[in-house]
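Computed from a predicted structure; not experimentally measured. Side-chain atoms are counted along with the backbone in the values below, which use heavy atoms only and exclude waters and symmetry mates.
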Amino acid sequence: MRHRRKGRRLGRSSSHRRALFRNLACALFLTKRDPAWFEGMFQADGKTAISPPAVPGRIVTTLEKAKEVRPIIERCITIARKALPAQQAAAEFGTSADRNTPAWKAWREGPNHARWVQAIAPVINARRRVFTMLRDKAAVRILFRDIAPSMEDRKGGYTRILRLAKPRLGDAGTRAILELVGTNTDRARKTSQKPEFAADDSGN
């Protein structure tokens with residue numbers, strides 16, 4: 001019996017299941033990479049080029065996996081979104097100079113550095129919390145730099161699950177699309193217009 005046992009096991013051990021959810025969450029965030037990052041990359045055969053995702057912010061998996069990994073993705077985005085005010089406040093005391101340059105060293109020894117350290121502390125804490133769940137620095141970087149600012153006005157519901165009609169080949173598993181909302185994955189809805197008829201000159 002499964003009394004008081006929450007969640008699906010998905011036929012995996014606890015460690016395997018956590019790794020699966022971590023990889024799915026990272027895969028969704030990494031689809032928002034810059035397309036230029038994929039240039040010059042090839043698959044294991046060394047001939048087939050790796051192309052960027054057709055639709056950034058979207059992955060296809062089974063319906064059960066999508067439902068289980070969705071709370072983890074929502075939690076990561078919530079942590080990153082709540083750190084945006086501190087990140088914006090720290091930008092006022094930061095510098096755009098390259099590291100170890102004279103301008104950077106002057107900022108490092110000036111009073112703005114201490115203010116920046118105090119303002120950026122909540123952001124560092126949030127990044128570390130998300131990293132403990134994802135274990136991928138690139139995914140954390142994309143989450144805080146690109147995804148969280150686009151979700152700043154949303155209070156929740158950052159993802160959607162769309163069930164696909166065509167099952168998976170091999171075991172006929174139910175497939176689903178897991179994607180981010182409020183980004184470029186949303187397509188403009190075209191409203192239907194009523195047909196216009198030419199005016200009859202005869203007056204009928």
Would D45 and T48 count as a side chain to side chain donor-acceptor pair (under 3.5 Å) here? Give the steps. CA-CA 7 Å; D45 56 3; T48 306; 2.8 Å; yes

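The number of heavy-atom neighbours closer than 6.0 Å to CD of E74, taken from other residues, nucleotides and ligands shown, is above 12. Remark: R129 CZ is loosely packed, at most 12 non-hydrogen atoms of other residues, nucleotides or ligands lying under 6.0 Å away.
Counting only heavy atoms from C-beta outward, the side chains of D136 and V140 never approach each other to under 4.5 Å.
Residues I73 and L10 share a hydrophobic cluster, clusters being chains of Ile/Leu/Val/Met/Phe/Trp/Tyr side chains in contact below 4.5 Å.
Salt bridge present: R8 and E68 bring a charged side-chain N and a carboxylate O closer than 4.0 Å.
The main-chain N or O of P56 is never found under 3.5 Å from a side-chain atom of T31 such that the two would form a donor-acceptor pair.
Between L28 and L178, the closest heavy-atom pair is CD1-O, 3.6 Å. A pairwise comparison of heavy atoms in M151 and R81 identifies O-CD, 2.9 Å as the closest pair. The two residues A148 and L84 come nearest to each other via the heavy atoms O-CD1, 3.4 Å. K65 and R12 make their closest contact through NZ-NH2, 3.8 Å (heavy atoms, listed as atom of the first residue, atom of the second, distance). In plain terms, the two heavy atoms of I120 and A90 that are nearest each other are CD1-CB, 3.6 Å.
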